[in-house]
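Here the structure comes first, spelled out in structure tokens, and everything after it is commentary.
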Amino acid sequence: MSKYNVAVLGPIPRDHITTHRGEVIEKYGCATHTAIGLAKLLGDSGTVFPVSHVRKKDEKAIKEILAEYPNINADHITSDQDQGDVISLKFVDQNNRLERQTGFMNPIIPEDIEHLLHCDVFVCVPITDYEIPLETLKYIKENSKGTLIFDAHGPTNTVTVTGDRLIKFWIDRDQWLPYIDVLKMNLEESKCCWFEKEYAPESLVHINDENTDHLPTFAQHALNHGIKSLIVTLDSKGGAVFFKEEGEVKQEIVKSIRVEHVVDTTGCGDSFAGGLGFGLLENPTDYAKATKYANALGAQRTQGRDFSVFKSKKETDQMILDNYGNI
């Protein structure tokens, strides 16, 4: 297999997590899940380049964690401005949590990735709306042939002056779509991306239902505006994968991989994005196959508190075969 190069853009927050069982976990999150999950899958067939800005007090510890993986190049993790995300998560149940943010990464700008334009895939995993600006996506699309995967968690979440992290409508969505190849999100985020022309004040309530009726229309709109695939995770129901085939919008549901005991769901979305990145390396248009790898990494992430949960390609392929019957 030829050597692959994958860039992972996003914060590496210092996380303080209280699980739904009351357990307390402190670790570095977000892009670390994406990068390490990818590194385990790639083995000696490729290199992962995480791109992030962190606090000076965290840089050494982060790079020591990543140094355990010989195919991760951490040269693009910097602390020059001493700015990095610091996050507190308190889970009220297995999937829902209260969030506060008390530290803020300086945005990843084109200069941060000017030496990574050779990468085959760019996996962007922002968690707040300022971390990967539109100008950076434009720069990648205009200067690289790599596939660009973007997690909508970033532009659909913001932080207030009291540190509360809240979801919001992605109002300028259509300005971003032409510069994204694969747009990934969960169901709640999809409802932040597809909104009415005008609302009655009483109809603006918190999004908490599981209705998916809007997805085909949203997918049609997004695919018509430049993306190649929309992938929406539906928790235990799996992932809804939308793409065009001979000009027509197609939808596939890729069932989830069931796990018996969930330890920690933090980072599942970031791991899912890493699986997408790996799956699209060999075949950039087989979105259903990539989603199987994404589901596998997301399931692995739930199985423990540290990064030892991630498996090799051989082990992950077996996991996929056991659950889907094929890869």
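The model shown is predicted, which means the values in this text are computed figures rather than measured ones.
- With Thr316 contributing its side chain and Lys313 its backbone, the two residues share no donor-acceptor pair below 3.5 Å.
- Of the inter-residue distances, the one linking Met185 atom CE with Leu230 atom CG reads 5.0 Å to the nearest 0.5 angstrom.
- The closest side-chain donor-acceptor pair between Ser190 and His214 falls under 3.5 angstrom.
- Not a single ring pair (Phe, Tyr, Trp, His ring centres under 6.0 Å) links Tyr179 to another residue, sequence neighbours left out.
- A donor-acceptor pair is defined here as one N or O able to donate and one able to accept, closer than 3.5 Å; such a pair exists between the side chain of Asp181 and the backbone of Leu148.
- Residues Glu26 and His16 bring a donor and an acceptor atom of their side chains to less than 3.5 Å of each other.
- Side-chain contact, Asn224 with Lys244: a donor N or O sits under 3.5 Å from an acceptor N or O.
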Salt bridge (charged side-chain N to carboxylate O under 4.0 Å, His left out) between Asp82 and Arg55: does it pass, once the steps are laid out?
CA-CA 4 Å; Asp82 195 20; Arg55 291 292 313 278; 2.9 Å; yes
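- In this structure, the side chain of Asp286 engages the main chain of Lys289 through a donor-acceptor pair within 3.5 Å.
- Environment of NZ in Lys228: sparse, with no more than 12 heavy atoms of neighbouring residues, nucleotides or ligands closer than 6.0 Å.
- Side-chain contact between Lys292 and Val254 is present, with heavy atoms from C-beta onward closer than 4.5 Å.
- There is no side-chain donor-acceptor pair under 3.5 Å between Tyr130 and Asn106.
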Show, in sequence, the C-alpha distance, side-chain angles and deciding distance for Phe122 and Tyr139, and conclude whether the ring pair (Phe, Tyr, Trp, His ring centres under 6.0 Å) test is met.
CA-CA 12 Å; Phe122 295 82; Tyr139 178 76; 9.4 Å; no
Between Asp306 and Lys27, does a salt bridge (charged side-chain N to carboxylate O under 4.0 Å, His left out) hold up when you go through it step by step?
CA-CA 8 Å; Asp306 56 30; Lys27 64 179 180 181; over 6 Å; no
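- Side-chain contact, Ser88 with Glu99: no donor N or O sits under 3.5 Å from an acceptor N or O.
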With side-chain contact (heavy atoms from CB on, under 4.5 Å) as the test, would you mind laying out the steps for His118 and Lys145 before giving the verdict?
CA-CA 8 Å; His118 65 289; Lys145 296 180 180 179; over 6 Å; no
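- Taking both residues in full, the closest heavy atoms of Ala296 and Met319 are given as O-CE, 3.8 Å, listed atom of the first, atom of the second, then distance.
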May I have the step-by-step check of side-chain hydrogen bond (donor to acceptor under 3.5 Å, both in side chains) for Asp174 and His221, ending in yes or no?
CA-CA 9 Å; Asp174 290 356; His221 177 91; 2.9 Å; yes
What verdict does the salt bridge (charged side-chain N to carboxylate O under 4.0 Å, His left out) test give for Arg301 and Asp270, after you've listed the backbone C-alpha separation in whole Å, the side-chain angles of each residue and the deciding distance to 0.1 Å?
CA-CA 9 Å; Arg301 174 77 283 287; Asp270 307 312; over 6 Å; no
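- A donor-acceptor pair under 3.5 Å is formed between the side chain of Lys56 and the backbone N or O of Ser79.
- Between the Glu23 side chain and the Ile25 main chain, no donor and acceptor come within less than 3.5 Å of each other.
- Counted by atom type alone, Ser312 and Glu315 present one or more donor-acceptor pairs between their side chains at under 3.5 Å.
- When hydrophobic clusters are built by joining Ile, Leu, Val, Met, Phe, Trp and Tyr residues whose side-chain heavy atoms come closer than 4.5 Å, directly or via intermediates, Ile140 is not grouped with Val8.
- For the pair Trp170/Pro155, a side-chain contact is recorded, criterion being any heavy-atom separation below 4.5 Å from C-beta on.
- Inspection of the His53 and Asp112 side chains reveals an N or O donor paired with an N or O acceptor under 3.5 Å.
- Between the side chain of Ser203 and the main chain of Tyr199, no donor-acceptor pair closer than 3.5 Å is present.
- The CZ atom of Phe278 lies 12.0 Å from the CG atom of Asp120; values are rounded to the nearest 0.5 Å.
- By the neighbour-count criterion of 12 heavy atoms within 6.0 Å, atom NZ of Lys168 is densely surrounded, having more than that number from other residues, nucleotides or ligands.
- Using modelled atom types, one side-chain atom of Ser144 and one backbone atom of Gly146 make a donor-acceptor pair closer than 3.5 Å.
- Heavy atoms from other residues, nucleotides or ligands lying under 6.0 Å from CD of Glu202 number more than 12.
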As a quick check of understanding, evaluate side-chain contact (heavy atoms from CB on, under 4.5 Å) for Val123 and Leu9, giving each step before the final call.
CA-CA 6 Å; Val123 185; Leu9 284 63; over 6 Å; no
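- A chain of hydrophobic side-chain contacts below 4.5 Å, direct or via other Ile, Leu, Val, Met, Phe, Trp or Tyr residues, connects Ile62 to Val125.
- Shown here is Asp44, whose CG atom has no more than 12 heavy atoms of other residues, nucleotides or ligands within 6.0 Å.
- The ring pair (Phe, Tyr, Trp, His ring centres under 6.0 Å) analysis of residues 303-327, with sequence neighbours excluded, yields the pairs His33-Phe307.
- The cluster map of Ile, Leu, Val, Met, Phe, Trp and Tyr, joined by side-chain heavy atoms under 4.5 Å apart, puts Val6 and Ile180 in different clusters.
- Looking only at atom types and distance, the side chain of Thr233 has no donor-acceptor partner in the side chain of Asp235 under 3.5 Å away.
- The hydrophobic clustering, which links ILVMFWY residues whose side-chain heavy atoms are closer than 4.5 Å, places Leu117 and Val121 apart.
- Rounded to the nearest 0.5 angstrom, Ile227 CD1 and Phe242 CZ are separated by 10.0 Å.
- Using cut-offs of 30° and 60° for the angle between ring planes, the Trp176 and Phe150 rings count as tilted.
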Would Lys191 and Trp194 count as a side-chain contact (heavy atoms from CB on, under 4.5 Å) here? Give the steps.
CA-CA 5 Å; Lys191 294 178 180 181; Trp194 191 242; over 6 Å; no
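- Using a distance-only test at 3.5 Å, with no hydrogens or angles considered, no donor-acceptor pair links the side chain of Thr18 to the main chain of Lys90.
- Thr162 and Asp164 make their closest contact through OG1-OD2, 2.7 Å (heavy atoms, listed as atom of the first residue, atom of the second, distance).
- Side-chain contact check for Asp15 and Tyr28: no donor-acceptor pair (N or O, by modelled atom type) lies under 3.5 Å.
- For the side chain to side chain donor-acceptor pair (under 3.5 Å) with Asp129, the qualifying choice from Thr156, Asn157, Thr158 is Thr158, the only one to do so.
- With rounding to the nearest 0.5 angstrom, the NE2 atom of His153 is 6.0 Å from the CD1 atom of Ile127.
- Other residues, nucleotides and ligands contribute more than 12 heavy atoms inside 6.0 Å of the CD atom of Glu114.
- Annotation for Val51 and Ile108: closest pair O-CD1, 3.3 Å, computed over non-hydrogen atoms.
- Using a 4.5 Å heavy-atom threshold, the side chains of Val259 and Gln303 count as touching.
- Linking Ile, Leu, Val, Met, Phe, Trp and Tyr residues whenever their side-chain heavy atoms come within less than 4.5 Å leaves Ile87 and Val159 in two separate clusters.
- A distance-only check finds no donor-acceptor pair linking the side chain of Asn71 to the backbone of Thr47 [under 3.5 Å].
- Using a distance-only test at 3.5 Å, with no hydrogens or angles considered, a donor-acceptor pair links the side chain of Glu131 to the main chain of Thr128.
- Seen from the ring of Phe195, Arg173 counts as a face-on cation partner, given the 6.0 Å and 45° thresholds.
- Side chains of Asn323 and Lys255: no donor on one and acceptor on the other come within 3.5 Å.
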May I have the step-by-step check of side-chain contact (heavy atoms from CB on, under 4.5 Å) for Asn186 and Val232, ending in yes or no?
CA-CA 5 Å; Asn186 63 31; Val232 182; 5.8 Å; no
